[in-house]
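The first residue in the sequence is number 1, and the count goes up from there. Quick caveat, the model's predicted, so the values are computed rather than measured.
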Amino acid sequence: LKAHVVARVCPPDPSSLSCSLSLAASYTDSSDDETSPRDKQQKNSKGSGDFCIKNIKQADFGRREIEIAEQEMPALMALRKRAQGEKPLAGAKVVGCTHITAQTAVLMETLSALGAQCRWAACNIYSTQNEVAAALAEGGFSVFAWKGESEDDFWWCIDRCVNLEGWQPNMILDDGGDLTHWVYKKYPNMFKKIKGIVEESVTGVHRLYQLSKAGKLCVPAMNVNDSVTKQKFDNLYCCRESILDGLKRTTDVMFGGKQVVVCGYGEVGKGCCAALKAMGSIVYVTEIDPICALQACMDGFRLVKLNEVIRQVDIVITCTGNKNVVVREYLDRMKNGCIVCNMGHSNTEIDVASLRTPELTWERVRSQVDHVIWPDGKRIVLLAEGRLLNLSCSTVPTFVLSITATTQVPCVPVCVWDL
């Protein structure tokens, strides 16, 4: 299990880190109750109220979903069975910020079974499966998350997760860097006891490298995203299967004969291209890395510049982990009905902010699907407001996530005890 140490971390300028709120969806819509969970007083069957979720009464449904996920996560379950008697994580106090789904619940319960104490928030304002959060809260986990959080709710949940009198984390498990950012901004003294950070997304890793280059790192940070098990399985196969699911659920599009441009031919881009090609789409690729560009050529895809094909393609997909890949200039030139979506963690790849202007009209079609209409009547179909498509609009394959989660677990003792 190969994971790279990024560097050492110390408090940076908070303005250098931006909030990367992504959207994602649960299979079930949790409740018609419009009351904010922040205004509710809930307790589990043991009398504990150290959590904030949508509805604790959904715990039984969430437990069934977790049990289904366990069947598809054999590596993680084998690790739990093998090591839970030894409690190798005893003394670890893990504060986490990831998608709260059935798959992540199996990870959290494995950390707990191995001896760790855990407090958790969501890295994504729509990814939380409310019934799973309820099951975790019923099981004694301090979970602060629900589907459909506002941006204020998002930061409030992270703060509640971190700020508890008499309890201080010695480990951060992050997805996107927002939890790390919040601790730096509000509680920099916590880094005196925090032993390490485990980061699993390319966006979060980019942010850590920025801090490293600025000389602002002072605790070890483990780059799980670049581990072989994450790159070659999760990033590739997870996206290969979930890209079609997300597009089909939101747009009912037929892929055969459609012209698609995929921006980026890393592991995520490779998975997306393979799936679309297999369905009969005509796939173009944009790529700035010469090795990845050559791989795209060898795999039979046509390398283009985005401005060469932007007027003719039916679907635009970003997969770079960068920002401002599809800017307003390109959005203006797209043809009527073009579908625009993002498969990266951050919502900055598509310049959605530039579309929020008085001359453009936004029209909600269905959940996570918007028409953006120009004055001449042209419209594009924007999915998940430019945020992560697969977790926004569908689900992801459990088995592949088991591989990533099994990579993350050994990083916890490495950070807490060895570094």
Side-chain angles (χ1 to χ4, degrees), residues 1 24-30 44-45 53 56-89 94 96 98-116 118 120 122-124 127-141 143 145 147 173 175 200 224 227-246 248-249 271 275 390-412:
L1 301 177
S26 165
Y27 262 126
T28 58
D29 225 350
S30 22
N44 63 18
S45 62
I53 60 171
I56 190 65
K57 295 179 181 179
Q58 293 186 315
D60 288 344
F61 294 102
R63 177 52 52 191
R64 293 167 198 158
E65 291 196 23
I66 294 170
E67 289 171 355
I68 292 172
E70 288 175 347
Q71 299 301 312
E72 272 287 286
M73 303 184 83
L76 196 58
M77 296 303 293
L79 180 61
R80 182 193 299 186
K81 182 178 180 181
R82 177 179 177 179
Q84 64 182 352
E86 304 168 9
K87 303 293 181 186
L89 301 186
V94 183
T98 66
H99 304 285
I100 296 183
T101 63
Q103 296 84 11
T104 344
V106 179
L107 168 62
M108 293 167 62
E109 292 184 343
T110 297
L111 292 172
S112 178
L114 301 189
C118 300
W120 229 263
C123 71
N124 185 307
S127 67
T128 301
Q129 294 177 337
N130 288 324
E131 61 280 6
V132 171
L136 288 168
E138 176 61 30
F141 285 89
V143 177
K147 179 183 175 183
L173 198 155
D175 184 351
E200 68 166 301
V224 171
S227 66
V228 174
T229 46
K230 172 71 161 57
Q231 282 281 328
K232 302 299 182 183
F233 292 91
D234 192 337
N235 292 12
L236 176 61
Y237 299 117
C238 176
C239 295
R240 190 178 71 179
E241 296 199 13
S242 60
I243 179 64
L244 301 179
D245 191 18
K248 186 68 77 174
R249 289 196 198 196
N390 54 6
L391 278 164
S392 299
C393 306
S394 62
T395 57
V396 292
T398 301
F399 184 84
V400 190
L401 296 186
S402 174
I403 300 172
T404 299
T406 309
T407 305
Q408 288 174 296
V409 171
C411 291
V412 176

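No donor-acceptor contact under 3.5 angstrom links the side chains of Thr98 and Asp175, judged on distance only. Defined by atom type and a distance below 3.5 Å, a donor-acceptor pair is missing between the side-chain atoms of Thr404 and Thr407.
For the pair Tyr237/Ile403, no side-chain contact is recorded, criterion being any heavy-atom separation below 4.5 Å from C-beta on. Side-chain contact between Cys239 and Ile243 is absent, with no heavy atoms from C-beta onward closer than 4.5 Å. In this structure, Leu107 and Gln408 have side chains that are in contact, with non-hydrogen atoms separated by less than 4.5 Å. Side-chain contact between Thr101 and Val132: absent, with no pair of heavy atoms (C-beta onward) separated by less than 4.5 Å.
Looking at every heavy atom in both residues, Ala134 comes nearest to Gln58 through CB-C, 3.9 Å. Residues Ala59 and Ala135 come closest through the heavy atom pair O-CB, 3.5 Å. Residue Glu131 comes nearest to Phe61 through the heavy atom pair CB-CB, 4.2 Å, listed as atom of the first residue, atom of the second, then distance.
Remark: Lys248 pairs with no residue by the side chain to side chain donor-acceptor pair (under 3.5 Å) rule, at least two apart or across chains. Taking Arg240 as the reference, nothing meets the salt bridge (charged side-chain N to carboxylate O under 4.0 Å, His left out) condition, with sequence neighbours excluded. Remark: Ala137 engages Phe51, Ile53, Ile56 in a side-chain contact (heavy atoms from CB on, under 4.5 Å) (not counting sequence neighbours). Partners of Glu138 under the salt bridge (charged side-chain N to carboxylate O under 4.0 Å, His left out) rule, at least two apart in sequence or in another chain, do not exist in this structure. Considering only residues two or more places apart in sequence or on other chains, Ser402 meets the side chain to side chain donor-acceptor pair (under 3.5 Å) condition with none of them. For Lys87, the side-chain contact (heavy atoms from CB on, under 4.5 Å) partners are Ala90, not counting sequence neighbours. For Thr398, the side chain to side chain donor-acceptor pair (under 3.5 Å) criterion is met by Gln103, not counting sequence neighbours. With sequence neighbours excluded, no residue satisfies side chain to side chain donor-acceptor pair (under 3.5 Å) with Glu241.
Within the structure, every pair that satisfies the salt bridge (charged side-chain N to carboxylate O under 4.0 Å, His left out) test and touches residues 101-115, not counting sequence neighbours, is listed here: Arg63-Glu109.
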Please list, one pair per line, the donor and acceptor atoms closer than 3.5 Å that link side chains of residues 66-82 to other protein atoms, with sequence neighbours excluded.
{"residue": "Arg80", "atom": "NE", "partner": "Thr110", "partner atom": "OG1", "Å": "3.1"}
{"residue": "Arg80", "atom": "NH2", "partner": "Val106", "partner atom": "O", "Å": "3.2"}
{"residue": "Arg80", "atom": "NH2", "partner": "Thr110", "partner atom": "OG1", "Å": "3.1"}

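By the 4.0 Å N-to-carboxylate-O rule, Asp245 lies close enough to Arg249 to be salt-bridged with it.
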